[in-house]
**Q** 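Next up is a structure, given as structure tokens.
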Amino acid sequence: RNRTQTHVGGIHAACGIGPDFHDGFEPELFGFGGGHDEKRCCRVIDSGGVACRHGAVLLEGRRQFRHFLRARVHGPFVGVENHLAFGVEGLRDLVKGMEPRFFVGAAAAPEAGPTEWRPYRLGKKVSAGADFIQTQLVYNIEAFKDYMDVVRQLGLHERVYILVGVGPLKSPGMAKYMRDFVPGVTMPDHLVNRMEQATAGIPKEETKARNEAWRQEGIKICIELIQQVQEIEGVAGVHVMAIEWEEAVRPIVEGAGLLP
């Protein structure tokens, strides 16, 4: 899909996939929409300050890849080594072995229908050259276990690093919205119930206390999800997506024991 704006500064926490990827860095995410050419991309990178050697570039669609590769030759992306691609066609454009070498990523939606196809879709991306995978948000651990069963049967877990998408819930409303409207996400009712029950005993007029209770429960659920996916063979790490709530990343990572 095409976007009309350039988004700078998304925060990702990548844990457990090897020192070359996550040792000593704070990732920066630069997303280039379909309407942006390489000159605009250059300006964003120049103003964004890619001093961090392990920055990440998020690219969606073939045109953005072509713009990026052309711009890459002219130097503004020097030092940006990790790239996340959406779609098999994009992976083919990031030529493996070219200088500078790319560590190529792709996205996956394990719980999107038809779910039985998803491991094979992942296999196509791995065969196309993906080095790591970032999944859609996972809340239904049992469904994800079924997905990983097939992934292991196909041997894909030995060919690619899989980062599971996890994210804290802010409120029961957010949980219900993700359950009802967000593609590729299955939200178990028991998590919705936990969020609703988090404010038991707190009067409705005490909105600040209720919001804090919901957020603390959301962080607790996220930590539990991380601990559960850590037990699944083939999972290399997690991708923490704290949507418009970046300050939640640290207590989640600390609570899950992911810091050195």
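As the structure is a prediction and not an experimental result, all values here were calculated from the model.
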**Q** Do you see a donor-acceptor pair shorter than 3.5 Å between the side chains of Q216 and E212?
**A**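 There is such a pair between these side chains.
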**Q** What orientation do F103 and F132 show, parallel under 30°, tilted 30 to 60°, or perpendicular over 60°?
**A**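 The arrangement is parallel - the two ring planes meet at less than 30°.
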**Q** From I243 CD1 over to M178 CE, what is the distance, rounded to the nearest 0.5 angstrom?
**A**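 Going from the CD1 atom of I243 to the CE atom of M178 covers 5.0 Å.
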**Q** Are side-chain heavy atoms of Y147 and L122 found at a separation under 4.5 Å?
**A**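 Yes - at least one pair of side-chain heavy atoms lies under 4.5 Å apart.
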**Q** Do K125 and V160 come within less than 4.5 Å of each other through their side chains, counting heavy atoms only?
**A**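 Heavy-atom side-chain distance check fails, nothing below 4.5 Å.
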**Q** Which residues satisfy the salt bridge (charged side-chain N to carboxylate O under 4.0 Å, His left out) test with R159, sequence neighbours excluded?
**A**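 By the salt bridge (charged side-chain N to carboxylate O under 4.0 Å, His left out) rule, R159 matches no residue at all.
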**Q** List the residues meeting salt bridge (charged side-chain N to carboxylate O under 4.0 Å, His left out) with R194, not counting sequence neighbours, and say none if there are none.
**A**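 R194 satisfies salt bridge (charged side-chain N to carboxylate O under 4.0 Å, His left out) with E217, E224 only.
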**Q** Listed by chain and number, what are the salt bridge (charged side-chain N to carboxylate O under 4.0 Å, His left out) partners of R179, not counting sequence neighbours?
**A**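 For R179 the salt bridge (charged side-chain N to carboxylate O under 4.0 Å, His left out) partners, ignoring immediate neighbours, are D189.
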**Q** Rounded at 0.5 Å granularity, tell me how far NZ in K176 sits from CG in L191.
**A**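 The NZ atom of K176 sits 13.5 Å away from the CG atom of L191.
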**Q** Any side-chain to backbone donor/acceptor pair from T135 onto G165? Under 3.5 Å, distance only.
**A**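 Answer holds: yes.
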**Q** Carefully, step by step, assess M187 and M174 under the rule side-chain contact (heavy atoms from CB on, under 4.5 Å).
**A** CA-CA 10 Å; M187 178 68 64; M174 178 180 179; over 6 Å; no
**Q** Any donor-acceptor pair under 3.5 Å linking the side chain of Y161 with the backbone of G105?
**A**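 No.
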**Q** Do the non-hydrogen side-chain atoms of I141 and V229 ever get within less than 4.5 Å of each other?
**A**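 They are in side-chain contact.
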**Q** Quick one: are R210 and K204 in side-chain contact, heavy atoms under 4.5 Å?
**A**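 They are in contact (side-chain heavy atoms under 4.5 Å apart), so the answer is yes.
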**Q** Are side-chain heavy atoms of I219 and W245 found at a separation under 4.5 Å?
**A**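 Side chain of I219 against side chain of W245, heavy atoms only: contact under 4.5 Å found.
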**Q** Check whether any side-chain heavy atom of V150 sits under 4.5 Å from a side-chain heavy atom of R118, and report yes or no.
**A**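 In short, these two side chains do not touch, never coming nearer than 4.5 Å.
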**Q** Which distance, rounded to the nearest 0.5 Å, do you find between the CD1 of I221 and the CD1 of I226?
**A**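 CD1 of I226 is found 12.5 Å from CD1 of I221.
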**Q** Could you give the distance from OG1 (T199) to CH2 (W214), rounded to the nearest 0.5 Å?
**A**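 Interatomic distance, T199 OG1 to W214 CH2, rounded to 0.5 Å: 5.5 Å.
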**Q** Is there a side-chain contact between V182 and Q136, using heavy atoms and a 4.5 Å cut-off?
**A**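 V182 vs Q136: side chains touch.
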**Q** Is Q228 close to V164 at the side-chain level, that is, under 4.5 Å between some pair of heavy atoms?
**A**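 No, side chains not in contact.
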**Q** Between CD of Q134 and CE of M241, what distance do you get to the nearest 0.5 Å?
**A**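 With rounding to 0.5 Å, CD (Q134) is 7.5 Å from CE (M241).
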**Q** So, the side chain of K170 versus the backbone of E244: is there a donor-acceptor pair under 3.5 Å, distance only?
**A**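 Yes, K170 side chain to E244 backbone: donor-acceptor pair under 3.5 Å.
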**Q** Check whether T115 reaches the backbone of E111 with its side chain - one donor and one acceptor, N or O, closer than 3.5 Å.
**A**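 The answer is no, because no donor-acceptor pair under 3.5 Å joins these two groups.
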